[in-house]
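Data block below; observations after.
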Amino acid sequence: MFTVFEAGLLKLKCHIIDALPQPGGQLSELYPKKPIFDIPGYPSVGAQELVDNLMEQIKQFQPGFTLNERAETIEKFDDGTFIVTTDKGTQHHAKAIAIAGGLGSFEPRKPTLEDLAFYEDKGVEYFVRNPELFRDKKIVIAGGGDSALDWSIFLADVAQEVTLVHRRNEFRGALDSVEKVQELKKLGKINLITPAEVIGLKGTEHLEALVVEINGATMTVETDYFIPLFGLTPKLGPIANWGLDIEKNAIKVNNALDYQTNIEGIYAIGDINTYPGKLKLILCGFHEATLMCQSVYNKLNPGKKYVLKYTTVAGVDGFDGTRKEAERAVVKAIE
Ligand SMILES: Cc1cc2nc3c(=O)[nH]c(=O)nc-3n(C[C@H](O)[C@H](O)[C@H](O)COP(=O)(O)OP(=O)(O)OC[C@H]3O[C@@H](n4cnc5c(N)ncnc54)[C@H](O)[C@@H]3O)c2cc1C
């Protein structure tokens, strides 16, 4: 996200593609409520707060977003430009590419159930992308972490019936969420089935029911949707097939210069890259993004000398017509 800002200062426009439904990478997906203590200038900042601030900071540069889609292939043309194609077939034409793929794309951990693939998109969902899909429907959520608790609470007001299945009696989520689920159970708004496990799926065209094992016995739970929320695992995924130099699941880059990969015009920044002394920290990603943008600018503007200007001096001109004016210093002669 910070690349969008640094590129914007150089009048370069960015488009972000992310496999997740929201921007923010690990911060939004894995630890949105945790405070971070090592962002320069912030003694403490919530992970989601930092992402929200970055969104505010880059707004003026009007980035495009293709979310919920995984970058699948990169094709390079003779003129040095690229076409990035996603798993949904969306294509983007770009003059340079920054791979900020972190640990790879997050894939849902799937339960081992017979015919699971058949029911995907026919009643089995791994993300709650659009809560309206579940309006007035019967849903079963499985899992014991924050996502399972939070979505059970949220969907209790949307769905006709919410059942939460977890293999233990204890939940790993935030205490206030656990208490809220208990309260909704008492109000009859959530059915809680623990310690239990979903062991089978039933239905002809679409999911119709689940087989749930509880204390050695089995029961059938009628449902329209099954949402297993067992966490996400990062997978390097398609990035491994792009002809890049990969070392231990990370992309090798030239850190002496500009974080470029072995393919000219493709850069790798943040957790996804590797070089001697690499540290997987947010502030290192910010730095790498900044240097990378300078390199892209020089490549796209051959012969044009770029003079680094401080934002305190030059201000910031957004692509949306806004201007953040640098305050003029008072010039006063000393007598
Ligand atoms: C619990 C936890 C606590 C942490 N605490 C700190 C801390 O206190 N301080 C600190 O500096 N760092 C911390 N980190 C590390 C920090 O989160 C990472 O360094 C940072 O998120 C890296 O940012 P990134 O943009 O490189 O990658 P990520 O945040 O991993 O984002 C990568 C994004 O790329 C997407 N992606 C990958 N492949 C594809 C593809 N093919 N197509 C489309 N999208 C794709 C993923 O979906 C993901 O959203 C912590 C990490 C964890 C897990």
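In listed order, ligands and their atoms are each counted from 1.
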### Task
Examine the side chains of Asn298 and Gln294 and answer whether a donor and an acceptor come within less than 3.5 Å of each other.
no
### Query
Counting N and O atoms only, with roles assigned by atom type, does the side chain of Lys88 sit under 3.5 Å from a partner on the main chain of Asn68, one being a donor and the other an acceptor?
yes
### Task
Pull out every atom of ligand 1 sitting under 4.0 Å from any heavy atom of Leu103, numbered as shown with elements.
30 (O)
### Task
Considering only non-hydrogen protein atoms, determine which one is nearest to atom 42 (N) of ligand 1 and report residue, atom name and distance to 0.1 Å.
Ala71 N, 2.7 Å
### Query
Can you tell me which residue and heavy atom of the protein come closest to atom 27 (O) of ligand 1, and the distance to 0.1 Å?
Gly102 CA, 3.1 Å
#### Entry: Within 6.0 angstrom of Lys34 NZ, more than 12 heavy atoms from elsewhere
no
### Query
Quick one: does atom 23 (O) of ligand 1 have a protein heavy atom under 4.0 Å from it?
no
#### Entry: Contacting atoms of ligand 1, where contact means under 4.0 angstrom from a heavy atom of Ile36
7 (C), 8 (O), 9 (N)
### Query
For Tyr275 and Glu288, does a side-chain donor sit closer than 3.5 Å to a side-chain acceptor?
yes
### Message
Quick check with a 6.0 Å cut-off and a 45 degree axis cone: is Lys33 positioned over the face of Tyr31's six-membered ring?
### Response
no
### Identity and distance of the protein heavy atom lying nearest atom 14 (N) of ligand 1
Tyr31 OH, 3.3 Å
### Query
Does Lys59 come within less than 4.0 Å of Asp320, counting only side-chain N to carboxylate O?
no
### Query
Hey, is CD on Glu132 packed in by over 12 heavy atoms from elsewhere, all under 6.0 Å?
yes
#### Entry: Heavy atom of the protein closest to atom 9 (N) of ligand 1 (residue, atom name, distance)
Asp38 OD1, 2.9 Å
### Message
To check your reading of the model: name the closest protein heavy atom to atom 29 (O) of ligand 1, its residue, and the distance in Å.
### Response
Gln26 N, 2.9 Å
### Query
Should the proximity of Ile239 to ligand 1, defined as any heavy atom under 4.0 Å, be assigned to the side chain, the backbone, both, or neither?
side chain
### Task
Report yes if the distance between the aromatic ring centroids of Phe5 and Phe61 is under 6.0 Å, otherwise no.
yes
### Message
For Lys280, which part has a heavy atom under 4.0 Å from ligand 1: side chain, backbone, both, or neither?
### Response
backbone
### Message
Show me which atoms of ligand 1 lie under 4.0 Å from any heavy atom of Arg70.
### Response
40 (C), 41 (N), 42 (N), 43 (C)
### Query
Which residue and non-hydrogen atom of the protein lie closest to atom 31 (O) of ligand 1, and at what distance in Å?
Gly25 CA, 3.5 Å
### Message
Any atom of ligand 1 sitting under 4.0 Å from a heavy atom of Gly285?
### Response
no
### Message
Please classify the Leu27 to ligand 1 contact at 4.0 Å (heavy-atom distances, strictly less than): side chain, backbone, both or neither.
### Response
side chain
### Task
Could you pull out, from Leu20, Leu67, Asp87, Ile282, the option with a heavy atom nearest to atom 11 (O) of ligand 1?
Ile282
### Task
Flag the pair Phe171 / His166 as yes when their ring centroid distance falls below 6.0 Å, and as no otherwise.
yes
### Task
Show the numbers, then the answer: is there a ring pair (Phe, Tyr, Trp, His ring centres under 6.0 Å) between Tyr225 and His206?
CA-CA 9 Å; Tyr225 287 98; His206 191 276; 5.7 Å; yes
### Query
Is the number of heavy atoms from other residues, nucleotides or ligands under 6.0 Å of Tyr310 OH greater than 12?
no
### Task
For atom 25 (O) of ligand 1, state which one of Ala100, Gly270, Ala268 supplies the nearest heavy atom.
Ala100
### Message
Looking only at protein heavy atoms, which one is nearest to atom 38 (N) of ligand 1, and what is the separation?
### Response
Ser105 N, 3.3 Å
### Message
Does only the side chain of Glu29 get under 4.0 Å from ligand 1, or the backbone, or both, or neither? Count heavy atoms.
### Response
neither
### Query
Which of the atoms in ligand 1, numbered in the order shown and given with their element, are less than 4.0 Å from a heavy-atom of Glu69?
43 (C)
### Message
If we set the cut-off at 4.0 Å for heavy atoms, which region of Asp18 has an atom near ligand 1: side chain, backbone, both, or neither?
### Response
both
### Task
Look at the aromatic rings of Phe154 and Trp151 and report parallel, tilted or perpendicular, splitting at 30° and 60°.
perpendicular
### Query
How are the rings of His287 and Tyr259 set relative to one another: parallel (under 30°), tilted (30 to 60°) or perpendicular (over 60°)?
perpendicular
## Note on the structure
Of all protein heavy atoms, the one nearest atom 43 (C) of ligand 1 is Ala19 N, 3.3 Å
